[in-house]
2 protein chains.
Amino acid sequence: MSEQLMTIRQMCDAYDVTPRTLRFYEARELIFPERRGQHRLYDRRDRARLTLILRGKRFGFSLEQIRQLLELYEPGQHNQTQIAATIKVARERLTDMERQYAELRDAIADLKTTIDDSEARLARATGNTQQTG
Amino acid sequence: MSEQLMTIRQMCDAYDVTPRTLRFYEARELIFPERRGQHRLYDRRDRARLTLILRGKRFGFSLEQIRQLLELYEPGQHNQTQIAATIKVARERLTDMERQYAELRDAIADLKTTIDDSEARLARATGNTQQTG
DNA sequence: CGTTACGCTTACGCGAACGTAAACTTTGGG
DNA sequence: CCCAAAGTTTACGTTCGCGTAAGCGTAACG
């Protein structure tokens, strides 16, 4: 029970994805489930990777960018040159994310202000008092 | 000179997009340049909208979501019901952005840690001292 | 033993967001 | 006057991230 293998169906239920999606990610070499006969079996490592994949998608990263990032989490059979390259790519992603973080902060502030303004105008137009939240 | 109209080429150079992109956004009703004869001319309002469009794209919003948000910035010929609907949609986007902001913060922290770990391992493997920045 | 369920592979389809090519008009230069 | 540049429309092509359907294997259920 140290491995806790899951079928594709269990994975789909747990992560709210379709079988097609999991097979697609596998085809793109983002996850590598075992094969028990024909069937796929997903272990803890696969689930960790899937979590990172879905997170990365939410930030608008492409599957290829995510794949590169995932290499960082696999202290596997890479030589130093490859690892150094992976780290470099990861640093670029990190920079992207930090820039996006700052930009998002500003955009949130802007949007809040604009919504407030719009609400104020609407309130004056209707002559009613609108709720704020 | 109060309007500062720009040609499509000037817009492309200024915002690093292609003519195709600008025409595409216009077809999707995200921007509405004037027509001087056949040619398009972009004013300050178009540029402000384009800035918001490109920003929205960086956050992974679809052009349709962005279009809805843009309505918020146009105190135009909408009735109260439409404005209220627009505000509602905008609040949903705002919630999305705030969630993403928090998640991004965590992801940045995670990635930093992972990069550091990976670097430390690489340093031990090579026996060298690696730079951090 | 049939059929139902689940999974597999193969492959075509699709919406989003443009790229790219073709053919036409307009405008300015030599 | 001719041509090249810039812009326009129309329309088909492309990449990404899957959806969806067809057809096959096999394991379980009644």
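Atom set for the values below is all heavy atoms of this structure, side chains included, hydrogens, waters and symmetry mates excluded. Residue numbers begin at 1 in each chain, while the letters A, B, ... track the order of the sequences.
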Requested in this report: Could you check if a side-chain atom of A/R49 sits within less than 4.5 angstrom of a side-chain atom of A/L30, using non-hydrogen atoms only?
Outcome: no
Report summary line: When B/L5, B/D43, B/D46 are each screened for side-chain contact (heavy atoms from CB on, under 4.5 Å) with B/P33, the one that passes is B/D46
Query - Gap between atoms CG and C1', on B/L41 and C/dT27 respectively (whole Å) - result: 14 Å
**Report entry** Lys/Arg N to Asp/Glu carboxylate O, A/D96 vs A/R99, below 4.0 Å
**Finding:** yes
Query raised in the report: Taking CG from A/D13 and P from C/dC6, how many angstroms apart are they, rounded to a whole number?
Result: 11 Å
Report task. Can you tell me the distance, in whole Å, between the CZ atom of A/R40 and the P atom of C/dG7? Result -> 11 Å
Requested in this report: Round to the nearest Å and state the distance from B/R20 atom CZ to C/dA22 atom P.
Outcome: 16 Å
**Report entry** Distance, nearest 0.5 Å, that separates OG1 of B/T95 from CD1 of A/I108
**Finding:** 10.0 Å
Report task. Could you check A/T18 against A/Q38 and say which one's nearest nucleotide on DNA chain D is further toward the 5' end? Result -> A/T18
Report task. Could you check how far CG of A/L22 sits from C1' of C/dG7, rounded to whole Å? Result -> 13 Å
Report summary line: In the 5' to 3' direction, the nucleotides of DNA chain D bounding the stretch that comes under 4.0 Å of a heavy atom in chain B are D/dG7 to D/dA11
Report summary line: Taken to the nearest whole Å, NE2/B/H39 to C1'/C/dT27 is 7 Å
Query raised in the report: Could you walk me through whether B/E71 and B/V89 pass the side-chain contact (heavy atoms from CB on, under 4.5 Å) check?
Result: CA-CA 10 Å; B/E71 288 181 23; B/V89 172; over 6 Å; no
Report task. Begin with the C-alpha distance, continue with both residues' side-chain angles, and end with the deciding distance and a verdict on side-chain contact (heavy atoms from CB on, under 4.5 Å) for B/L69 and B/L52. Result -> CA-CA 9 Å; B/L69 269 183; B/L52 289 172; over 6 Å; no
Report task. Would you kindly give the CD-to-P distance between B/E26 and C/dC18, to the nearest whole Å? Result -> 15 Å
At a cut-off of 3.5 Å, list every protein nitrogen or oxygen paired with a nitrogen or oxygen from nucleotides 15-17 of chain C, distance to 0.1 Å.
{"from": "C/dA17", "atom 1": "OP1", "to": "B/L63", "atom 2": "N", "distance (Å)": "2.9"}

Report task. May I ask whether A/L70 and A/F24 are part of the same hydrophobic cluster, defined by side-chain heavy atoms of I, L, V, M, F, W, Y residues being less than 4.5 angstrom apart, directly or through others? Result -> yes
Query raised in the report: Between B/R55 and A/D106, is there a side-chain N and carboxylate O pair less than 4.0 Å apart?
Result: no
Requested in this report: Return the angle between end axes of the helix from C/dC1-D/dG30 to C/dG30-D/dC1, with five pairs used per end and rounding to 10°.
Outcome: 20°
Query - Point-to-point distance, once rounded to the nearest 0.5 Å, from CD1 of B/I31 to CZ of B/R45 - result: 10.0 Å
Report task. Verify the contact: side-chain N or O of B/T21 to OP1 or OP2 of C/dG19, cut-off strictly under 4.0 Å; return yes or no. Result -> yes
Query raised in the report: When all nucleic acid strands are considered with a 4.0 Å heavy-atom cut-off, which category describes A/R36: base, sugar-phosphate, or nothing?
Result: nothing
Report task. Measure the shortest side-chain to side-chain distance between A/T7 and A/H39 over non-hydrogen atoms and say whether it is less than 4.5 angstrom. Result -> no
Query - Nearest atoms (heavy-atom pairs only) where A/C12 meets A/V17 - result: CB-O, 3.1 Å
